[in-house]
Asks: 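Sharing a structure below in structure tokens format, with a few things to ask.
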Amino acid sequence: MLNHIRPALVMVVLFTGLLGVAYPLAVTGVAQAAFPSQANGSLVKDTGGKVVGSALVGQAFVQPAYLHPRPSAAGNGYDASASSGTNMGPLNADLTARVKDDTARLKAENPTGAIPADAVTASASGLDPHVSPQYAAFQISRIAKARGVKEAQVREVIENHIEGRTFGVLGQPRVNVLLTNRALDARLGRPDASSE
Amino acid sequence: MNIQGWAEIALTLGLAVALAWPLGIYMSRVWNGERTWLDPLMKPVEGLFYRAAGVDPTRSQGWFGYAGALLAFNLVGFVVLYGLLRLQGVLPMNPQGFDGLSPHLAFNTAVSFVTNTNWQSYGGETTVSTFSQMVGLTVQNFVSAATGATIAAALARAFLANRGTGVGNFWADLTRTTLYVLLPLAFVVAVVLAGLGVVQSLAASVQATTVEGGQQTISLFPTASQLAIKQLGINGGGVFNVNSAHPLENPTPLTNLITAICINVMGWAAFFAFGRSVMAQKDVRALVMAAVLLLGTAGAALYIIESQPAPALVAASVETSMGNMEGKEVRFGVPSSVAWAMQTTGASNGSVNSMHASYMPLGGAVTMFLMQLGEILPGGIGSGIAVMVLMAMLSVFVAGLMVGRTPEYLGKKIEAREIQFAMLAVLVVPLSVLGFSAIAAVLPQALAGLLNKGPHGLSEILYAYTSATGNNGSAFAGLTANAPWWNTTLGLAMLLGRFVPAMAVLAVAGALVAKPRLAPSTGTLPTHGSLFIGLVIGVILILGGLQFFPALSLGPIVEHFDMLQVVARF
């Protein structure tokens, strides 16, 4: 084996140069040139150019006038520098208790309609940018009331943001929370934060 | 469950096998040193590698020399990666300001990436710098995959030889697989994924002021380049903590399909490449068929199980038609999640797009069982087909015992020495998984790492050693594995699971290469029909599966019955 050590060393060094430096830098170069927005994280900016988040990364919303995302186990919730799921087993007592608490809270906020599963389950990443169309519809009356507008106006914005399955087969129908909330603000004005 | 869900699962598996066919033919050409359309670009680079390393790529090595070169290359790769991770704090491109890794974490991580396992005891965005990800981990993602391929290439030559001596040149197989197959493919896939939204940035993070006025730090990485080879190399180590569940690593259902296919396409390709190299396409098609039947059945079972009402939802009277959504992303739902789980545990990939720890008890059992079958559905690149061929050899051996003839496979007599090494490769898996699990289950240092109690806690232990030994790398991530006991023993399990079968396969190749190549006679058991497919499936289930049944029944199976009681109360 000793006579193989020299070629092994040389090979590791050469491969490191090619695969560890040249390859990722080449991909970075091409991606940054061809797809600058995607390559930098699909950032969403306000009119002043300030970053308000990423279209792909969920963020916390607690004000009643906004569409709320799913429960999150990333840091203290939607911490995009510490992605995480809960990793609780299906019979974990903490999980059962959390689902019960969330269900009770949601029933108090929105007295009507069945609660969909994604509303009370934490995502795998803790950064899920979407909710199901059912969970979005479930929140319409609360959002409309908090904003003092008709439910139909909110429903229209949400329905415009429903994305279907890709090619009719792949993935699930969904609503992007950040983009929908930005559209709600653009359409119906920013809510008064003191209305909470 | 719905028709779109079934279609998505079938599409994922079907496309992977279909695309592997041409890729396998191409890979076989590369192994055989035939001309390829990349020659003008890669020949000069290849020649440079050989000259600098001082090796003669045309010199065929005996199995012992081949194995020695393989071990030396992996040893040096380990030492370099270990050093790099330990010294991370003083190395460049560390915008996150991370310190070096602790000795046991660096040992675990270096072993993990060198053995093609990619078990991660750390959270990517909170532990590992951009430099370590690129210069350390990405490199091993390529070469550990190519190392697996070399094993199959050597075994193929051994079957083809007629009273030969050499099984090929390790350096040539390694270099050619990397330069002609993995690198060009990864480059194309990486650029496509970046176009579809996967982040590829050298910046550490970006600061956002959210709509409600909060602050959000969004971690970034050169992700697309590492993601492409993490999948194509059947490695599975994510850039981010949550791997391919992270929306910047797997943003859409389309990126999900592409990367889910890339999970095992090269594993299937190695099957087809082996078949072409040995001129035994029909026999290898039978092995593919056996693997597809087992894998497809597991995928269907996962879809049915994960669509059942989850106990926590039932207890709170929540609408359950979406299935068990804890630990799953809305854009994926149950079908994309279980299609991925099937792909990633059948291959020795181990990346995840949903959290297996939160699966229903039997769902978790299926993912474990797929790994315990020995990572041959289709396993890693080359390492999968190699162990599958050992399973086929054991099958003809069993059949030979029944009819009283000397067993033959692909033109070679299978005798005591081959069967001994094949059994060694197969038995090291339960030895490592059950042995380490038994110790961990009674050791306070080990139990301290568990998140869940009771049978689910045992499942966390069992899953960890299964994943490490199978060189898979996925986890019931409730387990906090970044502690001396776990990092050390999981590292040892990875080494056992990688190098014992690899050496056994090369020893088998060494025994086979010297034998004369026989033409099939009337007494030869046909190894391509449905009878043989059934026989191979039986051997895989009995040898691979049955040994784990008692352990599984104390973990996920008992948990399943607990769950039925809970659900019945509501």
Side-chain angles (χ1 to χ4, degrees), chain A residues 1 4-5 7-12 14-16 19-20 24 27-28 30-31 35 38-42 51-54 56-57 59 80-85 87 89-92 95-96 99-100 103 114-118 120-121 123-125 127-130 132 166 169-172 174 181, chain B residues 4 7-8 49 52-53 55 68-69 72-73 76-77 80 134-135 138-139 142-143 190-191 194-195 197 199-201 208 210 216-220 222 225 240-242 245-247 251 253-254 257 311-312 315-316 318-319 322 325-327 329-331 333 336 354-355 357 360 452 456 477-478:
Chain A
M1 205 172 116
H4 296 303
I5 292 289
L9 260 174
V10 175
M11 285 276 184
V12 167
L14 289 177
F15 276 131
T16 300
L19 308 170
V27 174
T28 308
V30 173
F35 321 108
Q38 292 94 317
N40 288 311
S42 305
V51 177
V52 297
S54 161
L56 299 177
V57 178
Q59 58 179 245
S81 63
S83 61
S84 180
N87 289 304
L91 293 180
N92 190 304
L95 173 66
T96 311
V99 170
K100 271 201 176 138
T103 308
I115 297 172
D118 63 315
V120 293
T121 50
S123 63
S125 63
L127 303 173
D128 197 337
H130 299 110
S132 67
T166 308
V169 176
L170 306 177
Q172 300 296 316
R174 58 205 182 274
N181 282 331
Chain B
Q4 293 97 330
E8 181 171 11
F49 270 59
V55 295
F73 179 73
V76 171
V80 167
M134 274 173 49
V135 180
T138 304
V139 176
F142 277 98
V143 296
V191 170
V199 66
Q200 177 73 20
S201 164
T210 65
Q216 191 180 37
T217 306
I218 304 173
S219 289
L220 306 174
S225 54
F240 295 101
N241 182 39
V242 293
H246 199 293
L254 186 58
L257 178 74
V318 170
E319 222 273 305
M322 264 181 237
M325 284 299 288
E326 180 73 19
E329 303 279 299
V330 163
R331 63 191 179 283
S336 313
S354 58
M355 292 301 131
M360 305 286 268
N452 293 282
H456 202 81

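Every chain is numbered from 1, with letters handed out A, B, ... down the list of sequences.
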Asks: How close do A:Thr96 and B:Ala315 get, counting heavy atoms only, and between which atoms?
Replies: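 Between these two residues, the closest heavy atoms are CG2-CB, 4.1 Å.
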Asks: Check whether B:Asn452 reaches the backbone of A:Gly89 with its side chain - one donor and one acceptor, N or O, closer than 3.5 Å.
Replies: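 Here the side-chain-to-backbone pair exists.
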Asks: Select one option (side chain, backbone, both, neither) describing which atoms of B:Val80 are under 4.5 Å from chain A's heavy atoms.
Replies: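 For B:Val80, the side chain is the part near chain A, not the backbone.
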Asks: Non-hydrogen atoms of chain A under 4.5 Å away: do they reach the side chain of B:Ser225, the backbone, both or neither?
Replies: both
Asks: Nearest heavy-atom pair of B:Ala194 and A:Gln38: which atoms, and what distance?
Replies: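 Shortest heavy-atom contact: O-CB, 3.2 Å.
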Asks: Where the side chain of A:Asp128 meets the backbone of B:Val330, is there a donor-acceptor pair that is under 3.5 Å apart?
Replies: yes
Asks: Test of understanding: with ring pair (Phe, Tyr, Trp, His ring centres under 6.0 Å), list the residues that count as partners of B:Phe73, not counting sequence neighbours.
Replies: none
Asks: Which bit of B:Val191 is near chain A, if near means a heavy-atom gap under 4.5 Å: side chain, backbone, both or neither?
Replies: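 Both backbone and side chain of B:Val191 come within 4.5 Å of chain A.
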Asks: Looking at A:Thr166, A:Leu91, A:Asn181, which one has more heavy-atom pairs under 4.5 Å with chain B than the rest?
Replies: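 So the answer, after comparing A:Thr166, A:Leu91, A:Asn181, is A:Leu91.
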Asks: Can you say whether B:Glu326 sits under 4.5 Å from chain A via the side chain, the backbone, both, or neither, judging by heavy atoms?
Replies: both
Asks: Where does B:Ile218 contact chain A at under 4.5 Å (heavy atoms): side chain, backbone, both or neither?
Replies: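 Contact with chain A is through both the backbone and side chain of B:Ile218.
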Asks: Need one label for B:His456: side chain, backbone, both or neither, based on atoms under 4.5 Å from any heavy atom in chain A.
Replies: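 For B:His456, the contact with chain A is made by the side chain alone.
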Asks: Distance-only, no hydrogens or angles: does the B:Glu329 side chain make a donor-acceptor pair with backbone N or O of A:Ala124 under 3.5 Å?
Replies: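 Yes, because the side chain of B:Glu329 sits within donor-acceptor range (under 3.5 Å) of the backbone of A:Ala124.
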Asks: Output the option from A:Gly85, A:Ser84, A:Ala114 having the highest count of non-hydrogen pairs under 4.5 Å with chain B.
Replies: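 The residue among A:Gly85, A:Ser84, A:Ala114 with the greatest pair count is A:Ser84.
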Asks: Ignoring hydrogens, what is the shortest heavy-atom contact between A:Ala117 and B:Met325? Give both atom names and the distance.
Replies: CB-CG, 4.2 Å
Asks: Counting heavy-atom pairs under 4.5 Å to chain B, which of A:Thr16, A:Leu127, A:Thr121 comes out on top?
Replies: A:Thr121
Asks: For each of A:Pro116, A:Pro24, A:Ser42, tally heavy-atom pairs with chain B at distances under 4.5 Å, and name the one with the top tally.
Replies: A:Pro24
